[in-house]
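Taking it in order: structure first as structure tokens, then the write-up.
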There are 2 protein chains.
Amino acid sequence: MSSLSNPRHRHGEAVDAVFRTIRQGIISGRFAPGQRLVIRDLAEEIPYSRSTFREALRRLAAERLVSLVPNRGAAVQRLSPREMADLFEIRELLEGQAARRAAEHIGQGTHRKRFLAMWQKVRRGDPADRAAFIEHNQLFHGTIVELSGNSRLPEMLDQLQIPILMFQWRTLMTPQEIALSQEEHKTIAKAILEGRPDQAEAAMRRHVRRAKLRTSLDVSASRARPRKAASPFRHSP
Amino acid sequence: MSSLSNPRHRHGEAVDAVFRTIRQGIISGRFAPGQRLVIRDLAEEIPYSRSTFREALRRLAAERLVSLVPNRGAAVQRLSPREMADLFEIRELLEGQAARRAAEHIGQGTHRKRFLAMWQKVRRGDPADRAAFIEHNQLFHGTIVELSGNSRLPEMLDQLQIPILMFQWRTLMTPQEIALSQEEHKTIAKAILEGRPDQAEAAMRRHVRRAKLRTSLDVSASRARPRKAASPFRHSP
DNA sequence: TGGCGTATGATTGTCTGACAATTTAAGCAG
DNA sequence: CTGCTTAAATTGTCAGACAATCATACGCCA
């Protein structure tokens with residue numbers, strides 16, 4: 001049975017539905033990096049027409065989730081360790097700035113209330129529950145980025161985060177590492193709630209840098225074992 | 001006569017050609033912010049099929065150059081002063097980091113050679129020649145961003161720059177302002193060539209911040225005179 | 001006159017079939 | 001084994017049909 005369900009949507013939302021379905025498939029690992037996305041095959045799982053798929057793939061390509069080569073179609077984007085590091089570099093900058101702004105705007109009103117509501121959910125997570133941590137982690141970072149007040153940051157960081165999510169679901173993050181991450185979250189939350197922009201930015205940048213180190217280890221680990229670096233076209237490995 | 005020419009392309013590049021044509025039309029002001037992009041009308045100027053246009057518009061929407069509302073089609077994205085300021089905030093961060101990295105990597109080899117080649121072209125521009133300045137400005141910033149070594153920065157900043165370009169062509173930048181901008185470029189170039197990351201980043205951030213102030217003035221000026229803020233649909237004003 | 005529901009036309013969105021262009025894989029000759 | 005030719009598969013573009021939805025104009029009634 002197909003894990004990719006196909007509920008019907010209102011007129012004018014088919015492309016969006018397909019886009020989200022494929023994106024979720026990429027994040028969850030249903031479609032592996034490098035795997036070709038052949039429209040005819042996709043249409044068997046998700047019953048929409050070719051033009052709908054073409055539009056969805058065009059959008060996925062614009063967001064760098066798939067590569068789209070003329071006359072060769074689409075394939076799930078494969079990131080080199082270098083490109084992954086580049087993403088983290090940008091994330092460190094943007095999330096650091098988001099934390100700074102969040103600390104500046106925290107005030108006593110709705111922003112603080114919203115932040116505290118999030119923090120209540122997140123503060124005491126079980127380091128052994130990996131799935132819960134991933135969810136809490138997204139909520140934590142997402143809330144801070146939204147509270148930054150910058151209208152573009154959320155969508156930009158969402159995009160940047162997707163390749164990292166692809167790893168997270170597969171990677172084995174130890175409870176110790178999760179506990180460490182939670183400690184770092186605590187430091188960030190404290191700085192924001194106390195309205196200290198400099199500390200908030202510094203703590204967030206440190207946090208992202210450490211996450212990069214953890215993930216980079218995973219990257220080099222997955223590179224350690226040999227793999228076909230060749231083109232992803234014609235029946236994937 | 002149509003200013004949007006339509007040369008034929010190789011098989012598999014129609015969407016890309018349409019995408020670039022429309023994007024250029026947006027940057028140059030051929031399509032004004034808020035203007036609706038009706039496929040039938042577009043197809044009269046640029047002879048491609050509707051599905052081709054739909055894919056191109058889908059990509060333009062993913063890059064935030066047009067808004068795409070279900071059952072209402074596409075319109076050139078209109079930015080509020082606030083959103084414009086948000087873009088500058090991100091640009092300041094990213095370009096500052098690019099300048100830092102460029103200073104770190106400048107060395108004595110190809111990077112330095114490439115930077116100097118650019119600087120030779122740019123260093124002595126006539127402040128009265130607005131078009132030349134815009135071109136030089138793009139070259140200056142583009143080179144630094146590429147020399148940063150981060151693979152994602154160029155495309156990200158390209159996108160962020162487009163709304164600013166849309167203004168630049170219409171706005172009246174005085175020779176005095178251009179001369180000032182050139183002085184700032186000189187400071188940045190010096191810091192990069194001397195391999196001083198801190199100074200390079202600081203100078204670049206200052207430069208972007210000042211550009212923001214200049215542009216923000218234009219924004220509020222164009223907001224000062226009344227205009228229809230209403231929906232852009234059904235024959236544009 | 002003015003507000004409100006309805007009819008109408010225009011536009012969008014989706015789907016399907018056709019065809020050419022291109023790539024990939026396989027077969028063959030040397 | 002190498003290089004060329006052939007064949008199949010896939011992509012890319014186009015044209016047309018149709019339903020869904022929107023925007024406007026109209027008519028109705030107060």
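Proteins come first, then strands; the chains are lettered A, B, ... in the order of their sequence lines, and each starts at number 1. FYI, side chains are in, hydrogens and waters are out, and symmetry mates aren't considered; it's all heavy atoms of this structure.
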Q | Euclidean distance, atom NE2 of residue A:His11 to atom P of C:dT11 [Å, nearest integer] | A | 16 Å

Q: Round to a whole Å and report the spacing from CZ of A:Arg58 to C1' of D:dT13.
A: 11 Å

Q. Rounded to whole angstrom units, what separation is found between the CG atom of A:Asp16 and the P atom of C:dT12?
A. 18 Å

Q: Ignoring backbone atoms, test whether B:Arg40 places a side-chain nitrogen or oxygen under 4.0 Å from the OP1 or OP2 oxygen of C:dT11.
A: yes

Protein N or O to nucleotides 15-17 of chain D N or O, pairs below 3.5 Å:
{"unit_1": "D:dG16", "atom_1": "N7", "unit_2": "B:Arg50", "atom_2": "NH2", "d": "2.6"}

Q: Please state how far atom CD in B:Glu55 lies from atom C1' in C:dT12, giving the value in whole angstrom units.
A: 16 Å

Q: Grab the CD1-P distance between A:Ile39 and D:dT13 for me, whole Å please.
A: 11 Å

Q. What residues, two or more places apart in sequence or in another chain, satisfy side chain to side chain donor-acceptor pair (under 3.5 Å) together with B:Glu83?
A. B:Ser80

Q) Hey, mind stepping through A:Glu63 and A:Arg59 against side chain to side chain contact (heavy atoms under 4.5 Å, CB included) and telling me if it holds? A) CA-CA 6 Å; A:Glu63 300 194 1; A:Arg59 180 172 166 195; 3.6 Å; yes

Q | Nucleotide C:dT22, atom P - distance to CG of A:Leu68 in whole Å | A | 17 Å

(Q) Assuming nearest nucleotide by heavy-atom distance, tell me which of B:Pro70 and B:Gly12 is located more 5' along DNA chain D. (A) B:Gly12

Q: Enter the distance from A:Leu87:CG to A:Leu157:CG here, rounded to the nearest 0.5 Å.
A: 11.0 Å

Q. In whole angstrom, what separates B:Leu37's CG from C:dT11's P?
A. 14 Å

(Q) Looking only at the side chains, is there a donor atom on one of B:His141 and B:His136 sitting less than 3.5 Å from an acceptor on the other? (A) no

Q.
Is B:Thr52 close enough to D:dG12 that one of its side-chain N or O atoms is under 4.0 Å from OP1 or OP2 there?
A. no

Q: Give me the ring orientation class for B:His185 and B:His207: parallel if the planes are under 30° apart, tilted from 30 to 60°, perpendicular past 60°.
A: perpendicular

(Q) Between P on D:dT21 and CZ on B:Arg36, what's the gap in Å once rounded to a whole number? (A) 17 Å

Q.
So if I take every side-chain heavy atom of A:Arg10 and compare against D:dT11, C:dT12, D:dT21, which nucleotide ends up nearest?
A. D:dT21

Q.
Please tell me if A:Arg54 has a side-chain N or O lying less than 4.0 Å from either OP1 or OP2 of D:dT11.
A. no

**Q.** 5′-ward residue of the pair B:Asn71/A:Val38 relative to DNA chain D
**A.** A:Val38

**Q.** C:dT24 phosphate, OP1 or OP2, under 4.0 Å from A:Arg72 side-chain N/O
**A.** yes

Q. Rounded to the nearest 0.5 Å, how far does OG1 of B:Thr21 lie from CZ of B:Arg30?
A. 11.5 Å

Q: Not counting sequence neighbours, which residues clear side chain to side chain donor-acceptor pair (under 3.5 Å) with B:Arg130? List them please.
A: none

